[in-house]
Amino acid sequence: MRPERFRTLVDAYGADPARWPARERAAAEALLAGDEQAHAVLDEAAALDRILAGAPPVTASTGLRDVIRRMTQDMPQHKPLSLGEILASWLPGRRLWPNLAGLAVALVLGVTLGASDIGVSGASAQTVDDLGALMEPLSLDNSALYGS
Amino acid sequence: MAVNGCERPMTPPDETLMGLVAGGDHGAFRQLVDRHVDRAVALAQRIVGSRAEAEEVVQEAFLRVWTTAPRWNPEGALFRTWFSRVLTNLCIDRRRRPRHAALDETHDPPDERPSAAESLAADEEAIRVRAAMAGLPDRQRAALALCYFDEMGNQEAATALGVTVGALESLLVRGRKALKNALQADLRGEGT
């Protein structure tokens, strides 16, 4: 292990080898065995470790367990829907049916209009004819220009 | 179950209990709560700073355990790692939420002052450590709380934070450096 890596290891995980990543521990301890500077790095980190270790332990308040248990007593769980439940949601009596009926009516009307002459394509053809009539007076008569 | 004539206490692993919770088993849920509530409050308090807020976040995290258990898909992760991730994310979300929202939703305003026990013990150093931790960016604080106070290994802590091990190390290095700067006076005292 290079001294730079040792420094990063100690800066990240502190001075206690038990906290170092297992696969690097042996190499770090080998470096430590013969390196004065590594010891200095370790001592510096150990001072911060001791201060942090002095932080008082935190435990849950006595009533918290009961609050959590009560909270979930009647709480439903988010179960994944089975195929049967998905199909059941399509049964009569559900609010979904009026929406589906509306969609079906719209579909039938759309198909009927599309197949009839009063549809969009008919209107377009009419528009083309009207444009042709409007353009007629503007069309050039080639025979008038070049003679017969 | 008797093994070679000896009675062994049944201590099902968390993942087995989660399977039972998925079926609506309140007893299994109670066991999970008993097993993890103290460390959950400790972890949450190290991240959000106040005990009142920490306990609210822990309630929310356990509520998620209950409601999402039927859909729980750990993909090989331990319950503890998954739960720590849920809890850490809730804590960081809580810290990012505008202050007034937190006040609206809590029964009591969060108490940022040192606890009565700390004051009585005149544990000035503990108060300074807490203040120094509170001054860290959220993710650095969460990384330190997971690795240092929650005693998690680096791979598990990285998974709980949703980062790579390299990114976790970077958070830890920066967090410890900032703590070192904030606690200079205490560190000088340690050196003498």
> With only heavy atoms counted, which part of B:Val37 is less than 4.5 Å from chain A, the side chain, the backbone, both or neither?
both
> Please examine the side chains of A:Gln73 and B:His26, heavy atoms only from C-beta on, and report whether any two atoms are closer than 4.5 Å.
yes
> Group every Ile, Leu, Val, Met, Phe, Trp and Tyr by side-chain heavy-atom contacts under 4.5 Å, then state whether A:Val67 and B:Val65 land in the same group.
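Result: no, two separate clusters.
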> Is it true that B:Leu43 and B:Leu63 fall in one hydrophobic cluster, defined by side-chain heavy atoms closer than 4.5 Å?
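B:Leu43 clusters together with B:Leu63.
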> For residues 36-46 of chain A, dump all side-chain donor-acceptor pairs below 3.5 Å to protein atoms at least two apart in sequence or in another chain.
residue, atom, partner, partner atom, Å
A:His39, NE2, A:Leu32, O, 3.1
A:Glu44, OE2, B:Lys180, NZ, 3.2

> Tell me whether B:Val165 shares a hydrophobic cluster with B:Val173, the cluster being built from Ile, Leu, Val, Met, Phe, Trp, Tyr side chains joined at under 4.5 Å.
no
> On the ring face of B:Tyr148, is A:Arg19 found with NZ or CZ under 6.0 Å from the centre and within 45° of the axis?
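Yes, cation above the ring, under 6.0 Å and within 45°.
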> Sub-4.5 Å heavy-atom contacts with chain A: which residues of residues 133-143 of chain B show up?
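Result: none.
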> Output the distance between atom CG (B:Asp34) and atom CD1 (A:Ile68), rounded to the nearest 0.5 Å.
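Result: 9.5 Å between the selected atoms.
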> Calculate, to the nearest 0.5 Å, the distance between atoms CE and CZ belonging to A:Met71 and B:Phe62 respectively.
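Reported value, rounded in 0.5 Å steps: 9.0 Å.
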> Determine, stepwise, if the pair B:Arg128 / A:Ile51 fulfils side chain to side chain contact (heavy atoms under 4.5 Å, CB included).
CA-CA 10 Å; B:Arg128 282 196 295 275; A:Ile51 290 173; over 6 Å; no
> Checking heavy atoms, do the side chain of B:Val21, its backbone, both or neither come under 4.5 Å from chain A?
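For B:Val21, heavy atoms of backbone and side chain both lie under 4.5 Å from chain A.
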> Under a 4.5 Å cut-off applied to non-hydrogen side-chain atoms, are A:Arg65 and B:Asp38 in contact?
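Counting from C-beta outward, A:Arg65 and B:Asp38 do come under 4.5 Å.
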> Out of B:Met152, B:Gln155, B:Lys177, B:Glu151, which one racks up the most heavy-atom pairs below 4.5 Å with chain A?
B:Glu151
> Can you pull out the residues in residues 9-16 of chain A with any heavy atom less than 4.5 Å from chain B?
A:Val10, A:Asp11, A:Ala12, A:Tyr13, A:Gly14
> Heavy-atom pairs under 4.5 Å with chain B are the metric here; pick the option from A:Gly54, A:Ser61, A:Pro76, A:Ala55 that has the most.
A:Ser61
> Using atom types as modelled and distance alone, determine if a side-chain donor or acceptor of A:Gln77 lies under 3.5 Å from a backbone N or O of B:Pro70.
no
> Look up atom CD in B:Glu56 and atom CG in A:Leu64, then write down how far apart they are to the nearest 0.5 Å.
10.5 Å
> What part of B:Arg174 gets within 4.5 angstrom of chain A, counting heavy atoms only: side chain, backbone, both, or neither?
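Neither; nothing under 4.5 Å.
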> Name all pairs fulfilling the side chain to side chain donor-acceptor pair (under 3.5 Å) condition that reach into residues 77-92 of chain B, sequence neighbours left out, sorted by first residue then second.
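Listed by first then second residue: B:Arg39-B:Ser84, B:Arg80-B:Glu156, B:Thr81-B:Glu156.
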> Under 4.5 Å heavy-atom distance to chain A, tell me which part of B:Glu169 shows up: side chain, backbone, both or neither.
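For B:Glu169, the contact with chain A is made by backbone and side chain together.
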> Counting heavy-atom pairs closer than 4.5 Å to chain A, which one of B:Thr67, B:Val41, B:Val33 comes out on top?
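Top count of heavy-atom pairs under 4.5 Å with chain A: B:Thr67.
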